[in-house]
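As the structure is a prediction and not an experimental result, all values here were calculated from the model. Each residue takes its place number in the sequence, starting with 1.
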Amino acid sequence: MFKYSKIAAGLAAACLAFSLSAQAKVTVFAAASMTDSLKQVAEDYKKVNPKEEVVFSFASSSTLAKQIEEGAPADLFISASTKWMKYLSEKGLTVKETEKLLVGNELVLISQKDSKLQNVDIAKGEWIKQLKDAYLSVGDPAHVPAGQYAEEALTKLNLWDQVKDKLARAKDVRAALALVERGEAPLGIVYATDAKVSKEVKAIGVFPQDSYKPADYPVAILKDHNNAETQAFLKYLQSPEAKKVFADYGFSVK
């Protein structure tokens, strides 16, 4: 009986190993602002490719780029800034011919959904008075793309000096969103797509598009990961089906 138990255990282990080997996995490092849309895209992809598994690591683009530079096992990188894709590309860490612009976004000012503020003219700067002794929630401009776009826009609009000492600097744009959702900051600057997925905040103003560089999201396969599975998912990301999902979440599709 013991002998047969060992044989059965061995067969079960072999079957598990075969099952795992048959399940191809693609690891995607992506900007935090793409969390909801990419999870939806992956669910749809799984329906037509049941043997394909897509796993994500979401964070600030700069954080992810540094992790990739240090050897993190990512197959695909989607950045919220061309700056960080260029950073990896110049270090020879991307497959250059796969670098493409995937989607675009825009910057908005948010408040809690029950706020009386709405249709704010951001350029006039009157909204800054609402901060009083509170803080403006943003992705840390030192390394978060959304925060860097915010600093650029506020500087162009001659408002930066009024808010630079009143910033709640979050680790990424979703953390900046969360501070306003929880009421820990009365106002915040996030992407339009972040405001759209939240049930706790509303967009009360849109930053002029000429006040900051285009918020483009490039994608690329990473060095030594240019395999059939990664190529297939990259191709799906550019499909009409995926583009519809991105558009539904508020991104502009390229």
Response to the item:
Members sharing Ile68's hydrophobic cluster, built from side-chain contacts under 4.5 Å between Ile, Leu, Val, Met, Phe, Trp and Tyr, are Phe29, Leu64, Phe77, Trp84, Met85, Tyr87, Leu88, Leu93, Leu222
Is the shortest heavy-atom distance from the side chain of [X] to the side chain of [Y] under 4.5 Å?
| X | Y | result |
| --- | --- | --- |
| Ser57 | Val28 | no |
| Ile110 | Ile204 | no |
| Lys100 | Gln238 | yes |
| Pro186 | Gln112 | no |
| Leu237 | Leu76 | yes |

Taking ring-ring contact (aromatic ring centres under 6.0 Å, His included) as the definition, give me every residue that meets it alongside [X], ordered by chain and number, with sequence neighbours left out.
| X | value |
| --- | --- |
| Tyr135 | none |
| Phe207 | none |
| Tyr249 | none |

Item to complete: Would you please say whether a donor-acceptor pair under 3.5 Å links the side chains of Ser81 and Ser79?
Response: no
Discussion item. We want to know whether Asn227 and Gln231 form a side-chain donor-acceptor pair, criterion being a heavy-atom distance below 3.5 angstrom.
Written reply: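 No donor-acceptor contact under 3.5 Å links the two side chains.
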Quick check against the 3.5 Å criterion: does [X] have a side-chain atom that pairs as donor or acceptor with the backbone of [Y]?
| X | Y | value |
| --- | --- | --- |
| Ser62 | His143 | yes |
| Lys39 | Phe56 | no |
| Ser89 | Lys86 | no |
| Thr155 | Trp160 | no |

Please report the closest heavy-atom contact between [X] and [Y], naming both atoms and the distance.
| X | Y | answer |
| --- | --- | --- |
| Ser198 | Glu181 | OG-OE2, 2.6 Å |
| Ile122 | Trp127 | O-NE1, 3.0 Å |
| Tyr149 | Pro214 | OH-O, 3.5 Å |
| Val173 | Ser33 | CG1-CB, 3.8 Å |
| Leu179 | Ala168 | CD1-CB, 3.9 Å |

Item to complete: List the steps and the verdict of side-chain contact (heavy atoms from CB on, under 4.5 Å) for Leu101 and Thr82.
Response: CA-CA 9 Å; Leu101 287 181; Thr82 56; 4.2 Å; yes
Item to complete: Apply side-chain contact (heavy atoms from CB on, under 4.5 Å) to Thr94 and Ile221, showing your working.
Response: CA-CA 6 Å; Thr94 65; Ile221 293 175; over 6 Å; no
Are [X] and [Y] within salt-bridge range, i.e. N to O under 4.0 Å?
| X | Y | result |
| --- | --- | --- |
| Lys213 | Glu152 | yes |
| Arg174 | Asp194 | yes |
| Glu69 | Lys91 | yes |

Let me confirm one number: the [atom1]-[atom2] distance from [X] to [Y], rounded to the nearest 0.5 Å.
| X | Y | atom1 | atom2 | result |
| --- | --- | --- | --- | --- |
| Phe251 | Leu102 | CZ | CG | 8.5 Å |
| Leu187 | Ile128 | CG | CD1 | 9.5 Å |
| Lys202 | Lys113 | NZ | NZ | 11.0 Å |
| Ser137 | Ile189 | OG | CD1 | 9.0 Å |
| Gln67 | Thr63 | CD | OG1 | 6.5 Å |
| Lys164 | Leu136 | NZ | CG | 14.5 Å |

Worksheet item: Can Asp36 and Gln40 be said to form a side chain to side chain donor-acceptor pair (under 3.5 Å), step by step?
Response: CA-CA 6 Å; Asp36 302 271; Gln40 180 63 60; over 6 Å; no
Worksheet item: Relative to each other, are the rings of Phe233 and Tyr45 parallel, tilted or perpendicular (30° and 60° limits)?
Response: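 Because their plane-to-plane angle is over 60°, the rings of Phe233 and Tyr45 count as perpendicular.
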Worksheet entry | Whether over 12 other heavy atoms sit under 6.0 Å from Gln162 CD |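 For Gln162, atom CD is crowded (more than 12 foreign heavy atoms under 6.0 Å).
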Worksheet item: Can you tell me if NZ on Lys166 sees more than 12 non-hydrogen neighbours from other groups inside 6.0 Å?
Response: yes
Response to the item:
Applying side chain to side chain donor-acceptor pair (under 3.5 Å) to Glu184 and not counting sequence neighbours gives Arg182
Discussion item. Assess the residue pair Lys25 and Val55 against the criterion (side-chain contact (heavy atoms from CB on, under 4.5 Å)); give the C-alpha distance rounded to whole Å, side-chain angles, the decisive distance to 0.1 Å, and a yes or no.
Written reply: CA-CA 7 Å; Lys25 183 172 76 172; Val55 296; 4.0 Å; yes
Worksheet, complete the sentence: Residue pairs meeting salt bridge (charged side-chain N to carboxylate O under 4.0 Å, His left out), one or both in residues 235-254, sequence neighbours left out, come to Asp216-Lys254, Lys244-Asp248
Discussion item. Lys46 vs Glu52, test: side-chain contact (heavy atoms from CB on, under 4.5 Å). Steps then yes/no.
Written reply: CA-CA 6 Å; Lys46 183 79 171 177; Glu52 304 288 335; 5.8 Å; no
Item to complete: Run through Lys171, Arg169, Gln148 and flag the one making a side-chain hydrogen bond (donor to acceptor under 3.5 Å, both in side chains) with Asp140.
Response: Arg169
